Structures are given as C-alpha cells and as structure tokens.
Amino acid sequence: GAGVSQSPSNKVTEKGKDVELRCDPISGHTALYWYRQSLGQGLEFLIYFQGNSAPDKSGLPSDRFSAERTGGSVSTLTIQRTQQEDSAVYLCASSLALPRTDTQYFGPGTRLTVL
Amino acid sequence: QKEVEQNSGPLSVPEGAIASLNCTYSDRGSQSFFWYRQYSGKSPELIMFIYSNGDKEDGRFTAQLNKASQYVSLLIRDSQPSDSATYLCALGYSTLTFGKGTMLLVSP
C-alpha cells in the first residue's frame, strides 16, 4: 500500500515568509509525528498527534511553529515568519500506535531552505 | 530529559565482516528501543525493535539490549557495501528520542 507522503519535497522561501508543509499518513494509522533533521544533527521531535488531538507539543521550538490534523488523516505544519535557522528537512511519520512495539514509518521529508 | 548517545563514526569495516553499532541511553524507564537505517538524502527506515533484555535476531541483524547497563547494540553479520548508511538508535513509546546516528562504511 501507499506509504507516508509529504509535500512539497523541496521548499525555498525568504526569511519572514510563512510556509505550510503537508503530511499524508498511511491509511488507518492513528498516530502522526513531525520531526526535523538539521544537517549533521539527529532527528528532533516536534509534535505528536493521536487522532486529531496533539497530546505532546513539547518539541515545537517556538510559537512560530504550529500544526493541525483534520479528519484523523492529513496534517499541516505551519512555520510563520521563517528564520534561517528553520532550514532543515522536516520529516513526518505515522504509526498504528501499538503498545511497546509501535513502528513509525517515515515519509520522504520536505527540505526547507530559508534564504 | 532522555538522552541517547551514539558514536558518530564513521565505522569502517570490510565486506563480509561483522559491524557492531552501540548506543547508550540515560532514561532507566525506557522500555522500547528501535534501530533505524538512513541512507544519505533519504528518510529513516526501521530495521528492528527490541524491548526485552537479551538478543533478538532478524536475518543478518541482531539487536542486543541490556537495561541494567543502559545500552543497546546492533550487530550486522556478513556486512555488505549496501549496508553503508547512518544507523539511528531510538527509544521511547509514541514520541521517540533519537541518537545522532553512527555512520557505517562497508568497503568492498
């Protein structure tokens, strides 16, 4: 079946502009996660959705970052007033939210470049 | 705060050898551990998960967990050049904490 999809694959924007990144999880997966990966760095957790609610927003780096999920499916990560330090690959993952052995499947990512 | 430590490498091994990748963690309460492989420019893909002390084997891969010593390792037998990638250790449930990864280079 189809995997996790993300769009756009690449986004170049100017400092101060807003961007929206989209994630379409695997059908039937109730959990959805956003991470970002900067060059040479590990994956940094941003936010987690269970259904449409976000029980853990602890990773969002500032109030310029927000995310929503509608219909228990597609999620949008919005970054307002982008800064150069926001440049990174933004990865979305989804899972069935099984206890202990939950496997997260990652999308191909969106590479964001802020000029 | 959970911390996951991995040697950044690169770890270089010849084709056919055993590659040993290690990971230590700080949170004694962690119960689930994952190894992901990430090729350059690609997204991570799951290799194995483990949550019981001891060894878990899957093909050429063996994950080893020692909760008392707070480490988890991944052994790759008969290493192939196609195994060259960055290997990420992760732990947790729902929200995963990832290490920065160890780069593995397998030379023909």
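Below, read A as the first sequence line, B as the second, and so on, with proteins coming before strands; counting in each chain starts at 1. What you see is a predicted model, and the numbers here were worked out from it, not measured in a lab.
Cluster membership for A/V89 and B/L88, using ILVMFWY side-chain heavy atoms within less than 4.5 angstrom, is shared.
For A/L91, the part sitting under 4.5 Å from any heavy atom of chain B is the side chain, from C-beta outward, and nothing else. Within the 4.5 angstrom heavy-atom criterion, only side-chain atoms of B/Q38, from C-beta onward, approach chain A. When heavy atoms are compared at a cutoff of 4.5 Å, A/E44 does not approach chain B at all. The parts of A/F106 that come within reach of chain B are both its backbone and its side chain, each placing non-hydrogen atoms under 4.5 angstrom from that chain.
Rounding to the nearest 0.5 Å places CZ of B/F34 at 7.0 Å from CD of A/Q104.
The minimum heavy-atom distance between B/Y36 and A/T103, with the atom names listed, is OH-C, 4.5 Å. Smallest separation of non-hydrogen atoms from B/S43 and A/P108: OG-CA, 4.0 Å.
Other residues, nucleotides and ligands place more than 12 heavy atoms under 6.0 Å from the CD atom of A/E85. Taking a 6.0 Å sphere around CZ of B/F61, one finds it holds more than 12 heavy atoms contributed by other residues, nucleotides or ligands. Heavy-atom neighbours of B/K56 NZ from other residues, nucleotides or ligands within 6.0 Å: above the threshold of 12. No more than 12 heavy atoms of other residues, nucleotides or ligands lie within 6.0 Å of CG in A/L39, so this atom counts as exposed by the packing criterion. For B/M48, the CE atom is densely surrounded, since the number of other residues' heavy atoms within 6.0 Å is greater than 12.
Partners of A/R64 under the salt bridge (Lys or Arg N to Asp or Glu O under 4.0 Å) rule, at least two apart in sequence or in another chain, are A/D86.
Among B/P44, B/A90, B/G99, B/G101, the residue making the largest number of heavy-atom pairs under 4.5 Å with chain A is B/P44.
Paired with B/L96 under the rule side-chain contact (heavy atoms from CB on, under 4.5 Å), one option of A/Y33, A/Y35, A/F45 passes, and it is A/Y35.
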